[in-house]
Q: 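First, the structure itself, so that you have it in front of you.
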Amino acid sequence: MKNIIIFGAPGSGKGTYSEAIVNRYGMGHISTGDVLRAEIKNGTELGKIAQGYIDNGQLIPDELMIDILASTYDRQPQGKGVIFDGFPRTIAQAEALKKMLLERGHGLGMMIELIVGEDVLMERLLRRAQIEGRADDNEETIRKRFAVYHSQTAPLSEWFAAEGIRHTFDWSICKTKEGMIEAIFQEIDKENQ
């Protein structure tokens, strides 16, 4: 099984689709947010360094994030492939991830891009904020997150296309979560034959 990078704007369903893929194929799942929290909670050396950056209100440097991901990746079951959820977010991160995987004799595999219109994303995020009681997820902050995504993360789509591994799935064509999942499964099956 190839590694998979799941990619999309905030609210596009990366976690939902990652879970469906993990359940179907038995792959590992690396969510950068979960990994960071676990490293910090477990008091690992990398976790302590990461906590220092967070405590000082700084972003965790790409090099440190790659070291943390490499450590997590090395603990995954071999041969099943891994889903990277929430990473990479920049071209520099993508290049570092590619290098880290190549050092282990592995490749990026395939990138699954979830395309969902901003009106649908806004509706989903506002509903999620209501359900989870997240006051920070209001329309203004969500628009800021979209702006950051478009300026910093969206250009990665073309980088993955140039690598020849981008596979796009459009919500407006698939219409439902089940339709998207089935389309994704078909593409994964085709890629792994």
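If you're wondering where the values come from, they're calculated on a predicted model, not measured in any experiment. Below, each value reflects all heavy atoms present in this structure, side chains not excepted, and no hydrogens, waters or symmetry copies.
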Q: Apply side chain to side chain contact (heavy atoms under 4.5 Å, CB included) to Asn42 and list each qualifying residue two or more places apart in sequence or on a separate chain.
A: Ala38, Thr44
Q: Quick one: list whatever passes salt bridge (charged side-chain N to carboxylate O under 4.0 Å, His left out) with Arg166, sequence neighbours left out.
A: Glu158
Q: Sorted by first residue and then second, give each side chain to side chain donor-acceptor pair (under 3.5 Å) pair with at least one member in residues 8-22; sequence neighbours left out.
A: none
Q: Can you list, pair by pair, the side-chain donor-acceptor contacts under 3.5 Å of residues 103-118, counting residues two or more places apart and other chains?
A:
unit_1: Glu103; atom_1: OE2; unit_2: Lys99; atom_2: NZ; d: 3.1
unit_1: Arg104; atom_1: NE; unit_2: Asp74; atom_2: OD1; d: 2.6
unit_1: Arg104; atom_1: NH1; unit_2: Met100; atom_2: O; d: 3.0
unit_1: Arg104; atom_1: NH2; unit_2: Asp74; atom_2: OD2; d: 3.1
unit_1: His106; atom_1: ND1; unit_2: Tyr73; atom_2: OH; d: 2.7
unit_1: His106; atom_1: NE2; unit_2: Arg104; atom_2: O; d: 3.4
unit_1: Glu113; atom_1: OE1; unit_2: Ser157; atom_2: OG; d: 2.9
unit_1: Glu113; atom_1: OE2; unit_2: Ser157; atom_2: OG; d: 3.3
unit_1: Glu118; atom_1: OE2; unit_2: His150; atom_2: NE2; d: 2.5

Q: List for me each residue that meets side chain to side chain contact (heavy atoms under 4.5 Å, CB included) alongside Ala183, sequence neighbours excluded, and say none if there are none.
A: Phe169, Cys174
Q: To the nearest 0.5 Å, tell me how far Gln152 CD sits from Ile91 CD1.
A: 11.0 Å
Q: Answer yes or no: is there a donor N or O on one side and an acceptor on the other, between the side chain of Arg89 and the main chain of Thr153, under 3.5 Å?
A: no
Q: Working to the nearest 0.5 Å, report the span between CD1 of Ile66 and NZ of Lys98.
A: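 If I round to the nearest 0.5 Å, the distance is 13.0 Å.
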Q: For residues Leu125 and Pro10, report the shortest heavy-atom separation together with the two atoms involved.
A: CD1-O, 3.6 Å
Q: Does any donor atom in the side chain of Ser71 or Arg75 lie under 3.5 Å from an acceptor atom in the other side chain?
A: yes
Q: Can you list the residues that meet the side chain to side chain contact (heavy atoms under 4.5 Å, CB included) rule with Glu123, with sequence neighbours excluded?
A: Arg127
Q: Are Lys190 and Glu187 close enough for a salt bridge, meaning some N to O gap below 4.0 Å?
A: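 Salt bridge flag = yes for Glu187 with Lys190.
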Q: Between Glu39 and Glu45, is a side-chain contact (heavy atoms from CB on, under 4.5 Å) present by the stated rule, with each step listed?
A: CA-CA 8 Å; Glu39 292 284 330; Glu45 201 54 45; over 6 Å; no
Q: The criterion is ring-ring contact (aromatic ring centres under 6.0 Å, His included); which residues satisfy it with Phe185, sequence neighbours excluded?
A: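 Tyr25.
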Q: Got a sec, which residues hit salt bridge (charged side-chain N to carboxylate O under 4.0 Å, His left out) with Lys144, two or more places apart in sequence or on another chain?
A: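 Lys144 satisfies salt bridge (charged side-chain N to carboxylate O under 4.0 Å, His left out) with Glu140 once adjacent residues are dropped.
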Q: For a quick test of reading the model, state the closest non-hydrogen atom pair linking Met27 to Lys80 and the distance between them.
A: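 The pair with the smallest heavy-atom distance is CG-O, 3.2 Å.
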Q: Looking only at non-hydrogen atoms, find the nearest pair between Ala9 and Leu121 and report the distance.
A: CB-CD1, 3.6 Å
Q: Enumerate the residue pairs fulfilling salt bridge (charged side-chain N to carboxylate O under 4.0 Å, His left out) with a member in residues 3-13, sequence neighbours excluded, ordered by first and then second residue.
A: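 Every candidate salt bridge (charged side-chain N to carboxylate O under 4.0 Å, His left out) pair involving residues 3-13 fails, so no pair, neighbours aside, qualifies.
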Q: At what distance, to the nearest 0.5 angstrom, does NZ of Lys41 lie from CG of Leu36?
A: 14.5 Å
Q: Who are the salt bridge (charged side-chain N to carboxylate O under 4.0 Å, His left out) partners of Lys48, not counting sequence neighbours?
A: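 Partners of Lys48 by the salt bridge (charged side-chain N to carboxylate O under 4.0 Å, His left out) criterion come out as none, since no residue qualifies.
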Q: Quick check: is Leu156 connected to Val148 through a chain of hydrophobic side chains (ILVMFWY, heavy atoms under 4.5 Å apart)?
A: no
Q: Can you list everything that forms a salt bridge (charged side-chain N to carboxylate O under 4.0 Å, His left out) with Asp189? Sequence neighbours excluded, please.
A: Arg24
Q: Sequence neighbours left out, what passes side chain to side chain contact (heavy atoms under 4.5 Å, CB included) with Ile49? Give chain and number order.
A: Tyr53, Leu64
